[in-house]
Structure formats: C-alpha cells, structure tokens
Asker: 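Quick one: structure below, then a few questions.
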Amino acid sequence: MITLPALRDPAVELFLGIGAVLLIATVVGRVLAWTTQPAKRATIDNLNARINAWWVMALLVGIAFAFGKSGVLVLFFLVSLLALREFITLLPTRSGDYWVLVAAFYLVLPIQYVLVGIEWYGLFSIFIPVYGFLLLPILAAGGGDTTRFLERAAKVQWGLMICVFCISHVPALLALRIAGYEHRNLLLIAFLVIVVQSSDVLQYVWGKLCGRHLIAPKLSPSKTWEGFAGGIASATLLGGLLWWITPFPFWGALVMALVINLMGFLGGLVMSAIKRDRGIKDWGHMIEGHGGVLDRLDSVCFAAPVFFHLTRYFMT
Amino acid sequence: MLEKLIARSLSGFIHLLTGSRAFWSEALAPAPRVYYGNHSSHGDFVLIWSALPAALRKQARPVAAAEYWRRGALRRYLIRRVFHGVLIEREAEHRNEDPIALMAAAIESGSALILFPEGTRNMGDGLLPFKSGLYHLANQCPKLELVPVWLENIKRVMPKGRLIPLPLLCTAHFGAPLRLAEGEDRHAFLERARDALLALAPEAA
C-alpha cells in the first residue's frame, strides 16, 4: 500500500530543504559560469558538474528512503559493491586470489547486508573483522601463490572493511532501538549523511575561498587549515541545528556532528594516502566531477561505525 | 532479431560488470580496418565490440580460433549468428582454408576485424610476440588501417579457465591508426605494431 507522506513529515521537510539548497547552488553555479571567462572556467565547470551529480545522488537517496528499510539496504549494498569494485581494481591482486575475490564479492558482501537486514547485531558487527579476517586468507593459501602473500591478504581485508563493513553501518542505524524515537531511524541516516557530506562541501568551499596553508601536503594537495577549520565548524553548527531530527538534544547533536566531521576528515586523509601511494587522483570516474564512489564516500566510511556505536552506547 | 538481443545483452552485461570505459586518441569513421588488441580473456572481443560507437560496431567482426569456437552448439551459435565471427584455423598442418584469404575477403566485403595477434590468451603481463598474420593481411589489403586497442584489467575479470566473472573496472584504450609502409618488412612492421599497442598500456605493463 502506498501512503502519501504528509508535508509536515520531517523527512519530507529535509528533502525539500536539500532541494532548495541545491536549487540555490545550481543558480549560483550557472551565474558564475556566465560571468567567468572561458579560459578560467575549469573550476566553475567542475563545480557545476559536482552540483549536477548532487541532484542525482539526492534523488537516489530520496527514492531509497521512499521504499523505507529495504530501499536503504539495497542502495547501500550497491554502494558497497561499487566501492569494493573501485578498491580492488586499483590494488593489484594475483591470479591466486581468484577464489578470495569470488568469496569477497559474492559471499561476504551479500551476507553482511543480510545480517544488517535481519538486524543480527552480534554477528554483523564481527562477521568481516573476525570470520572474513580468518577465512579469506585460508582461501588465499589454497590458491598456492606465496608472492607478497600478506600484502595481498591485507588488501582484500582492508577493502572489505572500508567498503562493506564500514559502509554497512549506515543502514545498520535502522537496527537501533531508541526509546521515544521509534519508526524515525531513517532520520538518523539522514543526519549522518547530511552532516558528513555538508562537511565535505563546506571544507571545499572554505578552502576555495580562503585556503592558504596546506594541512598535509604529502597526502592531499587541496586540504587546507582554513578549509578544515571553516568546514568543520560550519558543518558542526549545521549538525547542531538539525537536532530536531535526531534523538539527541542540541548539545548532543553538536558533539555528534563534531565527531562525525573529524572522523570524516581524517578518513579522507587516510584514503588520500592510499591514492597517492597508488599514484592516482581519484578512485574512479562514476560520478561526474567527484571521481569515483569512494571519493564521495571516504568520509562516510570512517564516520559511520563511530556514529553507530556512540549512538548505540548512549541511546539504547 | 534474437541474435541482436543476445549480442546487446552480452555487451550490456560486460559493461555493467566492468563499468567499461573507452578512450580514443582520435575519432574514426568506418573504413577497411583491423582493431588489434592484447588477448587475455574470452571477454576481450566483446569488450572491444561494445566499446565501438554504433556506426563502427555494425561493421566489426571478431576473428576467432575455429578449433575452439566450432566445438559445441552454443559456441557455434554465438560466434556465427551473434557476433558474425571470422573463424580461422590456427594450426597450419590441419588447415583447410587459408586464414589470410578469409580475413582479406571479409575486409573486402566491407567489414572491420577484431584481431588478437598474440594468437592465444596471454597469462602474464605485457605482450607475447605477434603472429605474422597481421603483416600478411596488411600486405594483401593495401588500404588497411590498423588500430591498436589496449585492454586493461579484463584478465582479472575473467581469468583463463574460470567460470565466475569478477566485477572489476576495465578500460579500452584506442590508439592512432597505423598502416604498412612502402617496402616495410615483416619483422619491422610487426615490431612497430606491437610497440604501438604497448605504448597504450598504463605504466605497470
């Protein structure tokens, strides 16, 4: 049965708000494109490509939310699959890893999402760190190739931890039973995603406007102290102002947003370090202007498990 | 009709699985042409075939080993009816038809060929030495263009002898066309063609 959501539903209000922000961004981007000389347009063109991609991403999340829990599970399952594909593509494995990769893609990934779906907390929170960690190297040993064995086993495990385990903690938020917050857990996901993503965007904006001093020149050519401070501060404030969609009071939402933003920022640095080591700029090319799925989600990967466990500890 | 649907679904499946992307060094119009690539998987020719723009795809036919593709009804159906392959016999001693004549006839009738001059699927890195067919064909068809196509990663998607394909990203790099030069000998030409293909490979290979 399809029930039309009421306009006063917080989720609908949120999406209307996001739509309004994107609309303003789109108008600003188009005006900038008109008023900038073609020779200096590269940054503006990239900005507009990013804004267009944001429309698509917001729409996809909106559609997933409309289908409720199953929609969110399917969305993040696909996101994990795409992220793992980018990760494994860029970290060379050998032919002896064939069965390990078959197991990673076709067993571990779907099983993790089934466990999240049936809300078996005791197993989904250790499935990859314990069972994946022990069983995949056994399959690798069966492949009989000892060249760089530990390195290869570590790469696959790392890929699964980042792309599957960490990302699956976003839909896992639906499994939390918080008193007085029943049937509203989708908003917890909205809170996490909005805070992390706005932090990325605001760091980018602050960095472009007044970024001077590189924060980690060896890891990232674009992250500056100014972008970091301005972005984290403004995204944390935004998180606090969204307290009404969370089970937290204003101060709680503020602190949660700060933790999320710091984890997201540091996660971005870690993922940058891996990219620099591989000599690449982006994980992939799937999202116009942004790079790959992992480029957009690196901060979510690091923020989601911590947000999940803090919320679980304090609220249930 | 059904054959077109199968061809489309196979290339759609490969595209979905590998997120395949194509890079062109220049835009090409239909012409007497051979696309030659590095060979590591049965997915290779489908990847090249589906990377081609519609106008080029219509005239493209893969050159395939008769010994392999004549075995079994499904293989025969796929290579003949779906992909319109040009089947050649690799082993000279058991040969009934001259492979060069078959390929030249296909070129003269307006087709473009997809060819893997290593002659077999390469399990290692880099490129095996080229078979001389590429040279003999260029010699017979003077206007023939040869376009190198480097396929990245498909070896990891469908390793030789494995059934389950892995979802990993693949790319096809199309290089600039080259032609047999006046008086160029077999060895020099094959070396030049091989270097042009290797030059398209990203750093590692």
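Letters A, B, ... mirror the listed sequences (proteins, then strands); counts begin at 1.
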Asker: State, to 0.1 Å, how close A/Tyr106 and B/Pro165 come at their nearest heavy-atom pair, and which atoms those are.
Answerer: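 Minimum heavy-atom separation between A/Tyr106 and B/Pro165: OH-O, 2.5 Å.
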Asker: CG/A/Leu90 to CG/B/Leu169 distance, rounded to the nearest 0.5 angstrom?
Answerer: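 The CG atom of A/Leu90 sits 7.5 Å away from the CG atom of B/Leu169.
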Asker: Determine which residues belonging to residues 15-40 of chain B lie within contact range of chain A, meaning some heavy atom pair is under 4.5 Å apart, and list them by number or answer 'none'.
Answerer: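 Residues in range: B/Leu16, B/Leu17, B/Thr18, B/Gly19, B/Arg21.
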Asker: Counting heavy-atom pairs under 4.5 Å with chain B, which one of A/Leu101, A/Thr93, A/Thr89 comes out on top?
Answerer: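 Most pairs with chain B among the choices: A/Thr89.
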Asker: Hey, is CG on B/Leu163 packed in by over 12 heavy atoms from elsewhere, all under 6.0 Å?
Answerer: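 Check fails, neighbour count at 12 or below.
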Asker: Sub-4.5 Å heavy-atom contacts with chain B: which residues of residues 47-63 of chain A show up?
Answerer: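 Residues in range: none.
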Asker: With a 4.5 angstrom heavy-atom cut-off, is it the side chain or the backbone of B/Pro167 that approaches chain A, or both, or neither?
Answerer: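 Contact with chain A involves both backbone and side-chain atoms of B/Pro167.
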Asker: Are there more than 12 heavy atoms of other residues, nucleotides or ligands under 6.0 Å from atom CE of A/Met286?
Answerer: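 Not more than 12 within 6.0 Å, no.
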Asker: Please round to the nearest 0.5 Å and tell me the distance separating atom CH2 of A/Trp99 and atom CZ of B/Arg162.
Answerer: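 Answer rounded to 0.5 Å: 6.5 Å.
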Asker: With a sphere of 6.0 Å drawn around OH of A/Tyr131, does it hold more than 12 non-hydrogen atoms of other residues, nucleotides or ligands?
Answerer: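 No, OH of A/Tyr131 has 12 or fewer neighbouring heavy atoms, counting only those of other groups under 6.0 Å.
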Asker: Above 12 or not: heavy atoms from other molecules or residues under 6.0 Å from CZ of A/Phe149?
Answerer: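 Check passes, neighbour count above 12.
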Asker: Hey, is CZ on B/Arg186 packed in by over 12 heavy atoms from elsewhere, all under 6.0 Å?
Answerer: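 Counting neighbours around CZ of B/Arg186, 12 or fewer heavy atoms of other residues, nucleotides or ligands fall under 6.0 Å, so no.
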Asker: Distance from B/Leu168 atom CG to A/Phe105 atom CZ, nearest 0.5 Å?
Answerer: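 One finds 5.0 Å between CG of B/Leu168 and CZ of A/Phe105.
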Asker: In Å and rounded to the nearest 0.5 Å, what is the CZ to CG distance from B/Arg156 to A/Asp97?
Answerer: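 Spacing of CZ (B/Arg156) from CG (A/Asp97) equals 8.5 Å.
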Asker: More than 12 non-hydrogen atoms from neighbouring residues, nucleotides or ligands closer than 6.0 Å to CZ on B/Arg8, yes or no?
Answerer: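 Open: at most 12 neighbouring heavy atoms sit under 6.0 Å from CZ of B/Arg8.
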Asker: Would you confirm whether A/Arg85, through its side chain, and B/Leu166, through its main-chain N or O, come within 3.5 Å as a donor-acceptor pair?
Answerer: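 No: the side chain of A/Arg85 does not pair with the backbone of B/Leu166.
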Asker: Around atom NZ of A/Lys69, are there more than 12 heavy atoms from other residues, nucleotides or ligands closer than 6.0 Å?
Answerer: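 Counting other residues, nucleotides and ligands, NZ of A/Lys69 exceeds 12 neighbours.
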